[in-house]
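A short write-up of the structure that comes next.
If you're wondering where the values come from, they're calculated on a predicted model, not measured in any experiment. Just the heavy atoms: all of them, side chains too, but no hydrogens, waters or symmetry mates, feed the values below.
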Amino acid sequence: MPARLTLRRPAVAVNTALGVVLLAGGFWAYRTLAGDDTPAAAASTRTVAVQEGTVTRTVTADGTVESAATATASFATGGTVTSISVRVGQKVAKGQVLAKVDPADAQRSLDAANADLDAARDAVDRAEDAGSDTSNADNEVEQAELAVDEAEAVVDGTVLTAPMAGTVTAVNGTLGSSSGGGSSGSSGQASAAQQESSSSTGFIELQDLTKMQVTAAFAEADATMLKEKQPATITWNALDGTSATGRVSAIDPSATTANDVVTYGVTLSLDKVPAGVKAGQTVSVAVTTGSVRNVLMVSSSAITTVGNRHSVTVLNGAAEEVRPVEIGLEGDSATQITSGVSAGERVVLRATSTTTGETGTRGGFPGGGTGGFPGGGTGGLPGGGGPR
C-alpha cells in the first residue's frame, strides 16, 4: 500500500497544476476579449497631444514633362524637297541648314525682277538726258526695287534653317515631296493650354532638351489656390525614387472642360532636371499652397466644425471638456490652432470619421495610426500608447 500511495501522489499534483493553468488561461482570454470594465464610450475614444510644428497644405495633379523651349521650322517658299540635312535626334545650332527645296522657279523670278529693275533705271537715265520729268521713272524704279527684294526673299525661303539651337524631334517631310510654304517660329515658357492647342505642323520640329518643364491640369477648386512662384515637388512615375523641386511659372487664364470636368493648365519650372528624364514622361505634382512654422497644431480629425465654429474635446483627467478653438491654416493632415488650447493638452479623437450634417471631422497625421502623430500608435504622441 505505501508503494501505491507514493505513485499516485505525483499524478494528483500534476493534475492540480494543470487545472490551475487552464483556469488562469481562461481568465486571461476572457479579460483580453472582454476588455477592462470601462464604459463603451471611453473604449472608442482616442487622444492626441497638441503640439508645436509646421502645418502644410498642398494640391496635387498628374502632369507631363515637356521641353521649355520648342520651335517649328517650315519653308517660306513652296517647292519640291531636294535635300534634308538632319535626322531625328540630331542636335543643331541656330541658323544651321536643315533642308532645301528646288530653287529654279524662285531664281527665274528673281532674274526677271532684276531685269525689270535695270530697265527702270535706264528709263530714268534717258529722261534725265532728255531733260524730261523723271518722277514717273523714279516710281518705276522704286517698284522694281521692291519686286527684287521680294524675289530675293523667295529664293532665301528655299533654304530652311534652324530658328534656335536644339534637338530635332520630328521631320515631317521626305525627299521629292512638296514643302508647302509656311513660316518658322519658336516658343519658350508657353502655357499648358497654348502648347496643347497649337499642334506642331512644321516641316522640322525642334526642342531644347536641356531645359525641361512640367505641365499639369489642376481641378477647378484646387486651381483657385495656385499662384505663380509657389514651390512644388514633382515625382516621376516611371523612374523609381526620382523627384525634383520646382515652382509654378504660369497658370492658364481660361479653363478646359472635358466630360463636364473643369481643369486649369499649369506650367511648372524645374530647379534641376534629374538624370534619365525625357520629354513625354508622366509625373505627379504636389504644389504647396500654404505653410506655417512653429505653430500650435493638432490632428484635423480632432476638430469638430459646425458652421463657422470649431471645437475640440479636451481630456481633463477622466473627464472630457468641449472647448471652442480658433483655427488658422487647415493643412493636409493637421490644422493650426490659434487659440483655445495649449501645447501638451490632450484632445479626443473620435473613432468615426464620417460627416453628419454640418459637423465633420478631418483626416489624421501621416503615419500616426488612426488620427495620430507620426509613429504615435493609436492617437498618441511619437512612441506613445493609447488614451491617457
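Hydrophobic cluster membership differs between Val81 and Val155, with clusters built from Ile, Leu, Val, Met, Phe, Trp and Tyr side chains linked at under 4.5 angstrom. Following chains of ILVMFWY side-chain contacts shorter than 4.5 Å, one can reach Leu175 starting from Val171, so the two form part of one hydrophobic cluster. Under a hydrophobic clustering in which Ile, Leu, Val, Met, Phe, Trp and Tyr are joined whenever their side-chain heavy atoms come within less than 4.5 Å, directly or via other members, Val325 and Val48 fall into the same cluster. In this structure, Val159 is not a member of the same hydrophobic cluster as Val86, with clusters built from ILVMFWY side-chain heavy atoms closer than 4.5 Å. By the criterion of side-chain heavy atoms lying less than 4.5 angstrom apart, applied directly or through intervening Ile, Leu, Val, Met, Phe, Trp or Tyr residues, Val261 is not grouped with Leu226; the two fall into different hydrophobic clusters.
Among residues at least two apart or in separate chains, side chain to side chain donor-acceptor pair (under 3.5 Å) pairs with a member in residues 272-284 are Trp236-Gln281, Asn237-Thr282, Asn237-Ser284. Residue pairs meeting the ring-ring contact (aromatic ring centres under 6.0 Å, His included) criterion with at least one member in residues 202-235, sequence neighbours excluded: Phe75-Phe203.
For Asp133 and Ser135, the side-chain atoms include at least one donor-acceptor pair closer than 3.5 Å. Side-chain contact, Asp208 with Ser67: no donor N or O sits under 3.5 Å from an acceptor N or O. With hydrogens and angles left out, the side-chain atoms of Thr289 and Arg57 include a donor and acceptor closer than 3.5 Å. For Thr335 and Ser300, the side-chain atoms include at least one donor-acceptor pair closer than 3.5 Å.
Across all their heavy atoms, Ala61 and Ala216 have their closest contact at CB-CB, 4.4 Å. Shortest non-hydrogen contact noted between Gln336 and Val295 is NE2-CG1, 3.7 Å. Minimum heavy-atom separation, Arg87 to Val168: O-CB, 3.4 Å. Taking every heavy atom of both residues into account, Leu268 and Val266 meet most closely at CD1-O, 4.0 Å. Across all non-hydrogen atoms, the minimal contact from Leu296 to Val341 is CD1-O, 3.6 Å. Taking all atoms of both residues into account, the shortest heavy-atom contact from Met297 to Ala334 is SD-CB, 4.3 Å.
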**OP:** Take Glu320 and Leu315 through the side chain to side chain contact (heavy atoms under 4.5 Å, CB included) test and state the conclusion after the steps.
**Re:** CA-CA 5 Å; Glu320 295 183 359; Leu315 189 66; 3.9 Å; yes
**OP:** Applying side chain to side chain contact (heavy atoms under 4.5 Å, CB included), run through Arg247 and Ser269 and close with a yes or a no.
**Re:** CA-CA 5 Å; Arg247 292 188 178 275; Ser269 61; 4.2 Å; yes
Subject >> Chi angles and distances behind the side chain to side chain donor-acceptor pair (under 3.5 Å) call for Glu205, Asn172 >> reply: CA-CA 8 Å; Glu205 299 167 22; Asn172 301 318; 2.7 Å; yes
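With Ser179 contributing its side chain and Gly79 its backbone, the two residues share a donor-acceptor pair below 3.5 Å. Not one N or O on the side chain of Asp252 forms a donor-acceptor pair closer than 3.5 Å with the backbone of Tyr264. A donor-acceptor pair under 3.5 Å links the side-chain atoms of Gln230 to the main chain of Met225, judged by distance alone. Side-chain N or O atoms of Thr288 include none that pairs as donor or acceptor with a backbone N or O of Gly290 at under 3.5 Å. Between the side chain of Thr161 and the backbone N or O of Val97 there is no donor-acceptor pair closer than 3.5 Å. Side-chain atoms of Glu345 come within 3.5 Å of backbone N or O of Ser342 as a donor-acceptor pair.
With salt bridges taken as basic N to acidic carboxylate O contacts below 4.0 Å, one links Glu145 and Arg121.
Between Leu349 and Ser299, some side-chain heavy-atom pair lies under the 4.5 Å cut-off. Considering only heavy atoms from C-beta on, Ile303 comes within 4.5 Å of Ile337 through its side chain. Side-chain contact between Val283 and Asp62 is absent, with no heavy atoms from C-beta onward closer than 4.5 Å. Within the 4.5 Å cutoff, no side-chain heavy atoms of Leu206 are placed close to those of Thr169. Side-chain contact between Thr242 and Thr235 is absent, with no heavy-atom pair separated by less than 4.5 Å. Side chains of Val348 and Val312 form no contact here, defined as non-hydrogen atoms less than 4.5 Å apart. Residues Glu140 and Val124 are not in side-chain contact: their nearest non-hydrogen atoms beyond the backbone lie 4.5 Å or more apart. Using a 4.5 Å heavy-atom threshold, the side chains of Ile234 and Ser243 count as separate.
More than 12 heavy-atom neighbours from other residues, nucleotides or ligands sit within 6.0 angstrom of CZ on Arg323. Crowding of Glu326 atom CD: a count of heavy atoms from other residues, nucleotides or ligands under 6.0 Å not exceeding 12.
The CG atom of Leu209 sits 12.0 Å away from atom NZ of Lys211, with the distance rounded to the nearest 0.5 Å. From Thr305, atom OG1 reaches atom CD1 of Ile327 across 6.0 Å, with rounding to the nearest 0.5 Å. The CZ atom of Arg126 sits 13.0 Å away from atom OG1 of Thr134, with the distance rounded to the nearest 0.5 Å. Going from atom CD of Glu220 over to atom OG1 of Thr263 covers 9.5 Å, rounded to the nearest 0.5 Å.
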Could you tabulate the donor-acceptor pairs under 3.5 Å formed by side-chain atoms of residues 98-118, not counting sequence neighbours?
unit_1	atom_1	unit_2	atom_2	d
Asp102	OD1	Ala104	N	3.1
Asp105	OD1	Arg108	NH2	2.1
Gln107	NE2	Asp111	OD1	3.1
Ser109	OG	Asp105	O	3.2
Asn114	ND2	Leu110	O	3.3

